[in-house]
Amino acid sequence: GRDARAPERGRPARSPSRHAEEHLILEFAGGVRVYVPASKIDLVQKYVGGAKTDPELSKFGGTSWQNRKARVQAAVMDLASDMIQLQALREAEPGTAAPPDSEWQAEFEASFPYQDTPDQLTSMVEIKSDMQRPRPMDRLICGDVGYGKTELAVRAAFKAIDNGRQVAVLVPTTVLAEQHYRTFSQRLAEYPFAVECLSRFRSSGEQKRIVERLKKGGIDVIIGTHRLVSADVQFKDLGLVIIDEEQRFGVEHKERLKHLRQKVDVLTMTATPIPRTLHLSLLGIRDISNLETPPPDRLAIETRIVRFDKQLIRHAVLRELNRDGQVYFVHNRVQNINEIAGRLEQIVPEARIAIVHGQMAAEELEQEMLRFVRREADILVATTIIESGLDIPNANTIFINQADHYGLADLHQLRGRVGRYKHRAYAYLLLDGERLVTPNASRRLKAIEEFTELGAGFKIALRDLEIRGAGNILGTQQSGHIAAVGYEMYCQLLENAVRTLKQQPLRTPLEVHVDLPWTAYLPRDYVQGQRLRIEVYRRLSRVRRLDRLADFRQEMRDRFGTLPEPTEWLLRLTELRLLAAHWKVASIHLEKSAEVGSSATDVVLGYRNPRRIRELAARSDGRLRVVDEASAYFRPTGDELEPLALYATLKTLLRDILG
């Protein structure tokens with residue numbers, strides 16, 4: 001690309017000392033192209049915005065992008081200040097500190113029939129230390145379905161009850177309330193604790209009695225929908241509120257929960273995996289525990305793409321029923337869902353079938369779901385309404401009809417409904433017998449079939465899941481802001497907002513421009529494939545320490561073999577950039593001497609910090625001279641202009657620093 005720097009006043013224009021390197025070509029509106037050197041590739045981010053259409057291109061030099069960024073920055077600042085304000089209010093409120101674990105607690109945790117994952121153990125330590133502090137806890141637990149969130153909630157509940165307090169478990173649907181009621185009742189069965197469920201499946205007389213007992217302290221754990229936050233529900237001594245999937249509650253309920261947060265311990269659970277970048281951006285304004293490790297005995301889901309075949313369906317359903325399991329059959333067309341259920345009845349007459357879809361009356365829908373949860377039905381024929389929230393360990397076979405009509409993230413989410421238990425789970429992606437599959441759909445199906453290993457969700461559905469995840473955790477209005485500037489930029493703006501509000505310095509590493517006549521790039525026959533080369537350049541541009549650079553060099557050798565000459569020079573240039581950044585030197589380039597009659601070449605260092613450059617000059621044995629308020633230079637001898645000698649000289653000049 002062109003060098004946009006104007007020559008310094010009073011000094012001749014610098015002679016070109018371009019080094020050969022690769023460039024990314026960015027196209028702006030109107031076909032304007034900008035060349036970005038590979039060494040500056042970290043300034044370019046892939047747009048991940050969840051938008052169905054490609055975002056509109058900005059004009060080069062226009063203001064629309066800056067305006068969009070400013071709008072998102074303001075929204076992010078509001079979000080961060082709200083969170084920090086709530087945190088400050090909680091810090092000021094004197095909560096009740098729980099005592100350290102009792103023998104009962106240790107015994108109860110040891111009775112968990114599965115092995116804890118490392119993430120579960122870490123999260124439990126964080127939850128307990130929150131509960132033992134004299135201020136109300138407000139922790140968010142994120143993790144894919146089946147990664148052990150409910151067990152953490154049960155243990156936290158046990159700790160609260162053991163301390164003589166009551167626990168409320170708040171869930172968005174009656175079906176989930178029933179599910180949690182079963183889980184909590186089973187886990188606490190051996191202890192003298194009363195667990196109750198308050199939902200509209202209890203008669204009004206029963207509800208009245210439950211509310212009465214709750215007020216007198218006769219119930220230790222109460223599980224229910226938003227009915228729990230209504231005015232007539234009162235507690236004798238509420239100590240912990242567990243909220244499942246808070247983003248699915250209405251605005252007025254959220255306000256009530258916000259009020260609760262200032263007074264009692266609150267533990268929120270969400271099945272939305274939270275990407276690491278967002279996690280880091282939120283640190284300091286939100287207490288988050290992230291579960292990323294699958295349970296040790298979990299098996300990968302066996303995924304097959306097949307044509308609709310009666311024999312195959314019958315065989316798969318019977319295999320599941322024979323091992324006492326249940327089956328999901330997803331068909332996303334309400335108009336003929338009953339017809340599909342009828343076909344299944346003919347194929348497997350011995351199976352009991354329940355049907356659910358979004359156009360059913362709420363009560364009928366819940367009744368059918370509950371039939372399945374209570375194992376009164378073997379096959380649940382459903383639309384994608386089952387995509388989130390249901391956790392049924394018995395259901396380990398899923399059929400997705402007309403699978404070529406779904407997006408990658410939807411297929412991944414639906415497949416995630418099975419495989420919760422030790423049994424091998426099966427996912428069948430069914431295609432119509434006669435219809436041809438489009439090339440795009442075929443690629444999607446191939447990807448979902450290939451990525452069967454656990455945790456592959458991040459790899460294959462990253463775009464959708466990141467946006468959906470961030471939107472869920474931060475609130476729906478933030479999804480629009482993420483789409484406006486892209487996910488990565490949003491996370492950066494959020495992190496900067498948090499640092500500004502906490503009066504911490506912003507993380508803005510000095511951009512160092514090293515322009516020396518060396519050939520420095522990744523040859524195409526060394527790192528093959530454009531996407532991989534871009535990824536390697538991006539990782540190199542983000543290296544900020546010399547020890548990390550040494551690790552990077554070693555990794556390159558291990559992955560791609562001996563470093564070719566241009567790649568060696570690429571790493572040497574990075575090394576000089578790191579050394580220069582330490583001294584606040586923003587640029588290094590060669591320039592013909594300004595002295596009359598001289599044919600010598602100077603190495604010019606553009607600097608940002610006068611004190612640091614004087615310190616460097618004092619250590620250089622008189623070789624480095626500060627010439628004005630922006631630059632210093634030294635004159636290499638003839639031999640020192642040879643590439644390796646010049647590299648060694650510059651390294652010696654900027655020596656003795658950075659571990």
Side-chain angles (χ1 to χ4, degrees), residues 108 112 127 137 139 141 145-146 148-250 253-254 256-257 260-261 264-271 362-363 366-367 369-370 372-374 388-393:
F108 174 71
F112 184 51
I127 291 166
M137 164 172 80
R139 183 165 287 279
I141 304 179
V145 184
K149 296 185 301 293
T150 310
E151 175 61 19
L152 293 179
V154 173
R155 290 181 191 184
F158 192 100
K159 189 170 178 70
I161 309 163
D162 202 13
N163 190 29
R165 316 286 304 276
Q166 288 173 298
V167 177
V169 182
L170 196 59
V171 294
T173 66
T174 311
V175 176
L176 267 174
E178 286 281 328
Q179 204 169 286
H180 280 316
Y181 175 59
R182 282 191 9 255
T183 307
F184 274 75
S185 300
Q186 283 163 8
R187 275 296 275 130
L188 298 170
E190 290 178 29
Y191 295 86
F193 299 151
V195 181
E196 268 300 348
C197 183
L198 189 63
S199 75
R200 54 198 182 78
F201 288 127
R202 299 281 189 274
S203 68
S204 54
E206 272 183 299
Q207 287 193 34
K208 211 170 185 175
R209 281 194 294 278
I210 289 171
V211 170
E212 202 56 46
R213 279 175 63 204
L214 196 61
K215 193 174 178 180
K216 290 177 179 163
I219 294 171
D220 299 299
V221 180
I222 183 77
I223 297 161
T225 55
H226 43 73
R227 170 85 177 82
L228 280 184
V229 285
S230 44
D232 67 320
V233 177
Q234 290 173 352
F235 296 83
K236 187 182 180 195
D237 184 9
L238 181 63
L240 171 67
V241 177
I242 296 165
I243 307 169
D244 199 1
E245 300 292 354
E246 184 177 4
Q247 72 273 6
R248 289 164 66 184
F249 287 99
H253 299 128
K254 283 186 179 166
R256 187 87 197 267
L257 295 174
L260 266 179
R261 274 196 163 85
V264 297
D265 286 342
V266 176
L267 189 63
T268 312
M269 303 190 289
T270 175
E363 202 141 323
E366 285 185 354
Q367 289 285 13
M369 284 277 216
L370 278 176
F372 192 64
V373 169
R374 290 171 180 159
S388 57
L390 263 195
D391 180 8
I392 299 171

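Reckoned from all heavy atoms, side chains included, excluding hydrogens, waters and symmetry mates. In this chain, residues are counted from 1 in sequence order.
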From [X] atom [atom1] to [Y] atom [atom2], the distance as rounded to the nearest 0.5 Å:
X: Lys159; Y: Ile127; atom1: NZ; atom2: CD1; result: 11.0 Å
X: His226; Y: Ser199; atom1: NE2; atom2: OG; result: 11.0 Å
X: Glu196; Y: Glu206; atom1: CD; atom2: CD; result: 8.0 Å
X: Thr174; Y: Gln179; atom1: OG1; atom2: CD; result: 12.0 Å
X: Leu176; Y: Leu170; atom1: CG; atom2: CG; result: 11.0 Å
X: Arg139; Y: Thr268; atom1: CZ; atom2: OG1; result: 11.0 Å

Next item on the list: Any chance you could lay out the side-chain contact (heavy atoms from CB on, under 4.5 Å) test for Leu152 and Leu267, step after step, and finish with the verdict?
Entry: CA-CA 10 Å; Leu152 293 179; Leu267 189 63; 5.5 Å; no

Check: Looking at residues at least two apart in the chain, or sitting in another chain, which of them share a salt bridge (charged side-chain N to carboxylate O under 4.0 Å, His left out) with Arg155?
Finding: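 Here the qualifying residues are Asp116, Glu151.
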
Checklist line | Partners passing salt bridge (charged side-chain N to carboxylate O under 4.0 Å, His left out) against Glu363 (at least two apart in sequence or in another chain) | finding: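 If we apply the salt bridge (charged side-chain N to carboxylate O under 4.0 Å, His left out) test to Glu363, skipping adjacent residues, the hits are Arg200.
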
Quick check: closest heavy atoms across [X] and [Y], and the distance to 0.1 Å?
X: Ala157; Y: Val167; result: O-CG2, 3.8 Å
X: Phe193; Y: Phe158; result: CE1-CE1, 3.5 Å
X: Gly164; Y: Asp237; result: O-OD2, 3.9 Å
X: Arg227; Y: Gln207; result: NE-OE1, 3.0 Å

Checklist line | Row check, Phe112 ring normal vs Arg187 NZ/CZ: under 6.0 Å, within 45° | finding: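 Geometry flag: not set, cation outside 6.0 Å or 45°.
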
With a 4.5 Å limit on heavy-atom distance, are the side chains of [X] and [Y] in contact?
X: Val169; Y: Asp244; value: no
X: Arg374; Y: Glu178; value: yes
X: Val233; Y: Leu198; value: yes

Item checked: Ser185 versus Arg182, side-chain donor and acceptor atoms under 3.5 Å ->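 No, Ser185 and Arg182 have no side-chain donor paired with an acceptor closer than 3.5 Å.
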
Without placing hydrogens or testing angles, list every side-chain donor-acceptor pair under 3.5 Å for residues 213-223, not counting sequence neighbours.
residue	atom	partner	partner atom	Å
Asp220	OD2	Ala194	N	2.8

Item checked: Check: Gln166 side chain, Lys236 main-chain N or O, donor-acceptor pair, under 3.5 Å ->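 Checking the backbone N and O of Lys236 against the side chain of Gln166, a donor-acceptor pair under 3.5 Å is found.
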
Notebook entry, point to check: Taking only residues two or more places apart in sequence, or in another chain, which ones meet Asp162 in a side chain to side chain donor-acceptor pair (under 3.5 Å)?
Noted result: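 Residues passing side chain to side chain donor-acceptor pair (under 3.5 Å) with Asp162: Ser102.
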
Check: Quick one: side chain to side chain donor-acceptor pair (under 3.5 Å) partners of Thr150, sequence neighbours excluded?
Finding: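 None.
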
Notebook entry, point to check: So Met137 and Leu240, side-chain contact (heavy atoms from CB on, under 4.5 Å) or not? Walk me through it.
Noted result: CA-CA 9 Å; Met137 164 172 80; Leu240 171 67; 3.8 Å; yes

Margin query: Strictly by ring-ring contact (aromatic ring centres under 6.0 Å, His included), give each pair with a member in residues 164-184 just once, sequence neighbours left out.
Written below: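 For residues 164-184: none.
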
